[in-house]
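This report refers to the structure that appears directly beneath it.
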Amino acid sequence: MSVVDVPGAFNFRDVGGLPAGEGRTRSGVLFRSGNLGHLTTAGRDRVAGLGIRRIVDLRDDEERRFEPSQVDDLGIETVHLPMFAGSASSFFADDLSLDDVYRALVDGSASRLVDAARAVLEVQPVLVHCTVGKDRTGLSVALILAAAGVDEDAVIADYARTEELLPTARNEGVLRYLRQRHPRARHLEDLVTRSPAQAMRAVFDDLRLRYGGPVEYLQAYGLTTAETTELGRVLVA
């Protein structure tokens with residue numbers, strides 16, 4: 001997994017090189033990032049140069065209006081798959097923990113998580129992103145990688161890496177804003193800045209308990225065995 005320098009974007013990386021049994025994930029096929037609302041001209045050129053053919057945007061309508069992606073004229077197809085029912089801001093208002101958020105995504109956005117896997121399967125190179133590239137992107141990409149046969153420890157390590165890639169100035173500014181709006185909230189820092197390995201490991205453990213595992217979870221909501229096999233073929237060399 002390598003960080004990609006895209007001016008105006010953050011947490012942008014290629015998930016190639018992750019161990020998957022006797023193979024590794026292919027480079028230049030699946031990318032993940034935060035939002036594309038602040039791309040510079042150089043950043044737009046960089047995105048175009050990566051050869052990305054499809055962008056899977058997991059943000060809700062409010063987020064897209066607030067920070068519209070700066071890629072409209074690059075000839076890249078965008079698939080909108082909002083993961084939240086309603087506004088993402090509700091998680092701050094309700095003071096949910098990371099575990100609460102991921103359980104809500106697993107239970108409330110299962111069909112969209114399957115759609116995200118199919119969107120990656122259908123067209124590559126492909127970029128999956130949300131606003132920060134941490135939670136919705138983190139869960140979606142983790143499930144896609146698991147379905148492709150990537151080793152679980154590597155999937156979780158890829159998720160956890162986000163925390164070190166979020167700009168300090170961005171974190172401080174967002175936290176200041178949210179603390180003014182939600183002064184009693186206890187989980188703001190976790191929601192804004194953290195992606196601890198144990199959070200994704202807890203998701204996988206929960207999916208094993210309730211479904212048999214992450215792959216079985218996706219299959220319970222419609223992903224076929226053939227599609228799982230094809231994900232492995234597309235993403236793993």
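Keep in mind that what you see is a predicted model, and the values were worked out from it rather than measured.
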N/O donor-acceptor pair under 3.5 Å between [X] side chain and [Y] backbone:
X: Gln70; Y: Pro68; answer: yes
X: Thr25; Y: Val236; answer: no
X: Glu63; Y: Asp60; answer: yes
X: Arg54; Y: Val79; answer: no
X: Arg186; Y: Asp95; answer: no

Any non-hydrogen side-chain atom of [X] less than 4.5 Å from a side-chain atom of [Y]?
X: Ile144; Y: Leu235; answer: yes
X: Gln219; Y: Val114; answer: no
X: Val192; Y: Lys134; answer: no
X: Asp5; Y: Pro7; answer: yes
X: Arg161; Y: Val3; answer: yes
X: Pro214; Y: Phe204; answer: yes
X: Thr131; Y: Glu67; answer: yes
X: Leu188; Y: Leu175; answer: yes

Nearest non-hydrogen partners of [X] and [Y], listed with the distance:
X: Tyr159; Y: Gly138; answer: CD1-CA, 4.1 Å
X: Ala202; Y: Asp99; answer: CB-OD1, 4.5 Å
X: Ile76; Y: Val47; answer: CD1-CG1, 3.9 Å
X: Leu191; Y: Leu96; answer: CD1-O, 3.3 Å
X: Glu227; Y: Gly222; answer: OE1-O, 3.9 Å

Calculate, to the nearest 0.5 Å, the distance between atoms [atom1] and [atom2] belonging to [X] and [Y] respectively.
X: Arg194; Y: His187; atom1: CZ; atom2: NE2; answer: 11.5 Å
X: Arg32; Y: Ser140; atom1: CZ; atom2: OG; answer: 9.0 Å
X: Asn11; Y: His129; atom1: CG; atom2: NE2; answer: 12.0 Å
X: His80; Y: Asp61; atom1: NE2; atom2: CG; answer: 8.5 Å
X: Ile55; Y: Ser33; atom1: CD1; atom2: OG; answer: 8.0 Å
X: Leu30; Y: Gln124; atom1: CG; atom2: CD; answer: 9.0 Å

May I ask you to decide whether [X] forms a salt bridge with [Y], counting only side-chain N to carboxylate O separations under 4.0 Å?
X: Asp158; Y: Arg13; result: yes
X: Arg179; Y: Glu189; result: yes
X: Glu230; Y: Arg233; result: yes

With Phe31 via ring-ring contact (aromatic ring centres under 6.0 Å, His included) - residues at least two apart: none
message: Please check if the number of heavy atoms outside Arg210 that lie under 6.0 Å from its CZ is greater than 12.
response: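 Yes.
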- prompt: Within a radius of less than 6.0 Å around CD of Glu164, do more than 12 heavy atoms belonging to other residues, nucleotides or ligands occur?
  reply: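 Above 12, so yes.
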query: Side-chain donor-acceptor pair under 3.5 Å between Asp100 and Ser97, yes or no?
result: yes
query: Side chains of Arg59 and Ser69: donor-acceptor distance under 3.5 Å anywhere?
result: yes
Is it the case that one hydrophobic cluster holds both [X] and [Y], taking links as side-chain heavy atoms less than 4.5 Å apart, direct or via other members?
X: Val215; Y: Val106; value: no
X: Val141; Y: Leu121; value: yes
X: Leu218; Y: Leu58; value: yes
X: Val120; Y: Val4; value: no
X: Val29; Y: Val155; value: yes

Ignoring hydrogens and angles, write down the donor-acceptor pairs under 3.5 Å from the side chains of residues 147-154, residues two or more places apart or on other chains.
unit_1	atom_1	unit_2	atom_2	d
Asp151	OD1	Gly21	N	3.0
Glu152	OE1	Arg208	NH1	2.7
Glu152	OE2	Arg208	NH2	3.0
Asp153	OD1	Arg201	NH1	3.4
Asp153	OD1	Arg201	NH2	3.4

- line: Exactly one of Asp135, Thr162, Leu166, Ile156 clears side-chain contact (heavy atoms from CB on, under 4.5 Å) with Ser195, and that residue is Thr162
- request: Would you mind telling me which of Leu223, Val203, Asp206, Leu143 makes a side-chain contact (heavy atoms from CB on, under 4.5 Å) with Tyr217?
  value: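 Result: among Leu223, Val203, Asp206, Leu143, Leu143 is the only option passing the side-chain contact (heavy atoms from CB on, under 4.5 Å) with Tyr217.
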- request: With side-chain contact (heavy atoms from CB on, under 4.5 Å) as the test, would you mind laying out the steps for Leu50 and Phe12 before giving the verdict?
  value: CA-CA 12 Å; Leu50 293 170; Phe12 201 120; 3.8 Å; yes
